[in-house]
Amino acid sequence: MTSPPRTLFERLWQAHAIHTREDGAALLWVDRHLVHEGSHHAFRKLAGRGLSVMRPELTFGVADHYAPTRDRVAIADPDVRRMIETLIENTAQHGITCFDLTDPRQGIVHVIGPEQGITLPGLVITCGDSHTSTHGAFGSIAFGIGATEVAHVLATQAIWQQRPKTMRIRVDGRLGPGVGAKDVALGWIAKLGADGARGHAVEYAGPVVDGLSMEGRLTLCNLTIEGGGRFGLVAPDETTFQYLAGRPFAPKGAAMDQAVAAWRGLASDPDAAFDREVTIDATEIAPIVTWGTSPEEAAPVTASVPDPTRVGPEKADRVRAALDYMGLTPGRPLEGTPIDQVFIGSCTNARIEDLRMAAAVLAGRRARVPGLVSPGSAMVKAQAEEEGLDRIFTEAGLEWVASGCSMCVGMNGDLVLPGQRCASTTNRNFRGRQGRGARTHLMSPAMVAAAAVTGALADVRPFLAGREVA
Amino acid sequence: MSGWRQHQGQAVALPAANIDTDQLIPARFMATPRGAGYGQYLLYDARFDEAGATRPHALNDSQPSLLIAGRNFGSGSSREAAVYALADYGIRAVFAPSFGDIFAANAVNNGLLPGVLAEEDHAALLDMLEEGPRELTVDLDQLTLRVGNQMLPISLDPVWRTKLINGWDDIDLTRQHEAAIATYATRRQADAPWAWPAR
Ligand code: SF4
């Protein structure tokens, strides 16, 4: 008997369903659970109920959200110090491996998971952070959960989920020079809306996705949540297996052979039906920047600031409010908008490939505005230093600092000041995200580098002419 | 957490779309222990100026327990603190045409109803609230929102409804499946040993 065709997501879902309720919700087994400083509410809930962590060997902790990027030995801010100490105490008490600030494996949770081989294909992965969708790049069900759910996973190693609908985004054609995964993601979100994939698990497919490195796929899956989808995934392939070979927590030897054999079966059947299919032509994508306060408020850098009087009555108020917050004039070209600073970092775009891209633009040039470069992990930092990328950044006038969430969310004190305009490789241009009154423009690392060099929003393509990206 | 079936209270409109969790509670307040209360931080940057003085805002001008919000309410981060801020302020239910998925699950785990309304009912309600706050009644048994003598249907996942009525969170629901979880774990380790981290 043959089973009906299934999508990759359905295949993974069925393999993890411990129990399925009448209404279709399932209790899923969780293979990996990642915690960070923000998980303190969950540990407190656990203590309040007198429960212990059921599977400490499947749980990993890391200090990232509050991690200082400069002085890490004596942390000046008492709140920051307390948040990090609490994480260390909670994980130690429950026997959970934790990468603290002194650990060479420390970094942003969504960077270190893949880097350490904690993230693998075929798993269910949860973390109390919405960008957990990132890990789906390996062909896993990975999603962000709230504190009550974190406590639940700690206590039971399982989680209740309503099964989402399935959606496939096919990216056809070819990416132009200077255009990457960030542009693809911001492009589809601008088209479908910040809730365009709400209630859906998004599988990315097509020749462009097949051709992306793991770094690019991670960026794509990372931003799925900005389009409202809790889950993003890519079927694993040779690129995935090669990336994982030799990673510390990945299977070794015969176990790896067995794993790869199992992972090869992780794909959507050719005739599997998705609830929704979207096709994008990569050839049409230009480098994209956001102009508003939601990731859907994005446009090619060659476009103009939208005019509220021309967007239709249902959108006019929203556009007006966004432009007012952002301090932008309707109808003016986006290109040339002066910026005050840049930030290269975050779980979206601070992997080695992202830093190489930015460095390719910055090499031999000076930034006209100040900026911060925070690598995605201590290992990315070490690798970049080995390649001499740190010197390119510092010689351009940017500050090279330690790894953490940093200016993506500002919890560690790395903030954009009120009214300041920041070109940023992060994922959220929400009001106040980078600091009260901060004006965030999201874009790719290459585009941020071009903005640094010109001191304004700029099209990176001319800056890449004749340059090799390592 | 205690459950509830009916609630009558004042409703105000927050009609903007995409009110995200960073707006609901700015990150700088998130190191606060829960016991200290999060209500004062709700929509802080919209309600208070740089010096901490109150600004004109629907949540300063009155003390509602019901919100009629715009599309994609609670989008963004998984911070449950956004729900704590709403709940600690005294909000019992938010009604919108759509919610961020993670926010909605977090809300239910804290006794806060994320009620989805039909677009046209939602639009009519917003129009009505332009004149000021109104007294509304939420009924979880009937799944209705009573506005004067009109009954608007609320869509809500049936299990979420049960959880809200009984004041349960998921840990309560999972207790009865402990044996099944243990059996699954044993089978998984046998079938997919690679799914355990190498040490
Ligand atoms: S870098 Fe930003 S988005 Fe990523 S985990 Fe940290 S705070 Fe969240």
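Here is the naming used below: chain letters follow the sequence lines, and residue numbers restart at 1 for every chain.
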How close do B/Pro33 and A/Arg44 get, counting heavy atoms only, and between which atoms?
CB-NH1, 4.2 Å

Name the member of B/Asp191, B/Val159, B/Thr21, B/Asn18 that forms the most heavy-atom pairs with chain A at distances under 4.5 Å.
B/Val159

Ranked by heavy-atom pairs below 4.5 Å to chain B, first place among A/Leu120, A/Val409, A/Thr86, A/Ile145 goes to A/Ile145

Can you tell me which portion of B/Thr32 sits under 4.5 Å from chain A's heavy atoms? Options are side chain, backbone, both or neither.
backbone

As an exercise: rank A/Gly432, A/Ala255, A/Ala25, A/Ala194 by heavy-atom pairs under 4.5 Å with chain B and give me the winner.
A/Ala194

Taking the side chain as everything from C-beta on, heavy atoms only, tell me whether B/Glu80 gets closer than 4.5 Å to A/Glu149.
no

So does B/Glu119 have more than 12 non-hydrogen atoms from other groups sitting under 6.0 Å from CD?
no

Could you please spell out the steps behind the side-chain contact (heavy atoms from CB on, under 4.5 Å) verdict for B/Met30 and A/Met83?
CA-CA 10 Å; B/Met30 285 177 51; A/Met83 289 299 279; over 6 Å; no

Contacting moiety of B/Glu50, where chain A heavy atoms sit under 4.5 Å
both

Hey, does A/Arg318 have a side-chain heavy atom less than 4.5 Å from the side chain of B/Arg71?
yes

With a cut-off of 6.0 Å (strictly less than), are more than 12 heavy atoms of other residues, nucleotides or ligands near CH2 of B/Trp168?
no

Against chain A, label B/Ala82 side chain, backbone, both or neither, depending on which of its atoms sit under 4.5 Å from a heavy atom there.
neither

Side-chain touch A/Arg436/B/Pro26, heavy atoms, less than 4.5 angstrom
no

Please state whether the rings of A/Trp160 and B/His177 are parallel, tilted or perpendicular, taking 30° and 60° as the class boundaries.
perpendicular

Is there a side-chain contact between B/Pro197 and A/Phe60 (heavy atoms, below 4.5 Å)?
yes

What part of A/Thr97 gets within 4.5 angstrom of chain B, counting heavy atoms only: side chain, backbone, both, or neither?
side chain

Between B/Ala17, B/Ala195, B/Gly76, which shows the greatest number of heavy-atom pairs under 4.5 Å with chain A?
B/Gly76

Given B/Asn106, B/Asn72, B/Val83, the one with more heavy-atom pairs under 4.5 angstrom with chain A than any other is B/Asn72

Below 4.5 Å, heavy atoms only, C-beta onward: do B/Asn110 and A/Thr148 meet side chain to side chain?
yes

Go through B/Tyr184 and A/His19 one step at a time and tell me if the side-chain contact (heavy atoms from CB on, under 4.5 Å) criterion holds.
CA-CA 10 Å; B/Tyr184 179 94; A/His19 173 82; over 6 Å; no

Does any heavy atom of chain A fall under 4.5 Å from the side chain of B/Asp45, the backbone, both, or neither of them?
both

Taking side chain as everything from C-beta outward and backbone as N, CA, C, O, which of these in B/Ala16 sits under 4.5 Å from a heavy atom of chain A? Side chain, backbone, both or neither.
neither

Using side-chain heavy atoms (C-beta onward) and a distance below 4.5 Å, is A/Arg431 in contact with B/Ile19?
no

Rounded to the nearest 0.5 Å, the CZ atom of A/Phe143 sits from the OG atom of B/Ser78 at a distance of 11.5 Å

Heavy-atom nearest pair, A/Ser130 first then B/Ser77, reads OG-CA, 3.4 Å

Where on A/Ala15 is there a heavy atom nearer than 4.5 Å to chain B: the side chain, the backbone, both, or neither?
backbone

Using a 6.0 Å cut-off, check whether atom CD of B/Gln150 has over 12 heavy atoms from anything other than its own residue.
no

At a 4.5 Å cut-off on heavy atoms, which part of A/Glu296 comes close to chain B: side chain, backbone, both, or neither?
side chain

Would A/His41 and B/Tyr84 count as a close aromatic pair, with their ring centres under 6.0 Å?
yes

Taking side chain as everything from C-beta outward and backbone as N, CA, C, O, which of these in B/Arg28 sits under 4.5 Å from a heavy atom of chain A? Side chain, backbone, both or neither.
side chain

Atom CG in B/Leu173, atom CZ in A/Arg21: separation rounded to 0.5 Å?
6.5 Å

Under 4.5 Å from any heavy atom of chain A, what part of B/Pro193 do you find: side chain, backbone, both or neither?
side chain

Looking at A/Arg55 and B/Ala185, what are the two nearest heavy atoms and their distance?
NH2-CB, 3.3 Å

Under 4.5 Å to a heavy atom of chain B? For A/Ser294 that would be side chain

Is B/Asp170 in contact with chain A via its backbone, its side chain, both, or neither, using a 4.5 Å heavy-atom distance?
both

Which bit of A/Met54 is near chain B, if near means a heavy-atom gap under 4.5 Å: side chain, backbone, both or neither?
side chain

Tightest non-hydrogen contact, residues A/Leu123 and B/Arg188, listed as CD2-NH2, 4.0 Å

Using a cut-off of under 4.5 Å on heavy-atom pairs, state which of A/Arg198, A/Lys252, A/Arg247 scores highest against chain B.
A/Arg198

State the OG1-CD distance between A/Thr293 and B/Gln23, to the nearest 0.5 angstrom.
7.0 Å

Could you tell me whether A/Arg230 and B/Asp101 make a salt bridge, using a distance below 4.0 angstrom between a side-chain N and a carboxylate O?
no

Please look at A/His40 and chain B and tell me whether the side chain, the backbone, both or neither of the residue comes under 4.5 angstrom of a heavy atom of that chain.
side chain

Report yes if the side chains of B/Thr183 and A/Ile18 come closer than 4.5 Å at any heavy-atom pair, otherwise no.
no

Heavy atoms of B/Ser98 and A/Asp195 approach each other most closely as OG-OD2, 3.9 Å

Point-to-point distance, once rounded to the nearest 0.5 Å, from OG1 of B/Thr174 to CD1 of A/Ile159:
9.0 Å

Point-to-point distance, once rounded to the nearest 0.5 Å, from CZ of A/Arg428 to CG of B/Asp20
8.0 Å

Step through the shown structure and confirm whether more than 12 heavy atoms of other residues, nucleotides or ligands are within 6.0 Å of CZ on B/Arg47.
yes

Rounded to the nearest 0.5 Å, how far apart are CH2 of B/Trp194 and CD of A/Gln258?
9.0 Å

Note, A/Asp129 side chain near B/Arg79 side chain (heavy atom, < 4.5 Å)
no

Residue A/Pro248 versus chain B: region with a heavy atom under 4.5 Å
backbone

Given the rule in the salt bridge (Lys or Arg N to Asp or Glu O under 4.0 Å) test, do A/Arg49 and B/Asp169 qualify, once you have shown the distances and angles that lead to the verdict?
CA-CA 12 Å; A/Arg49 292 197 182 209; B/Asp169 68 16; 2.6 Å; yes

Does a donor on one side chain and an acceptor on the other come within less than 3.5 Å for B/Asp157 and A/Gln162?
yes

Can you tell me which portion of A/Pro295 sits under 4.5 Å from chain B's heavy atoms? Options are side chain, backbone, both or neither.
neither

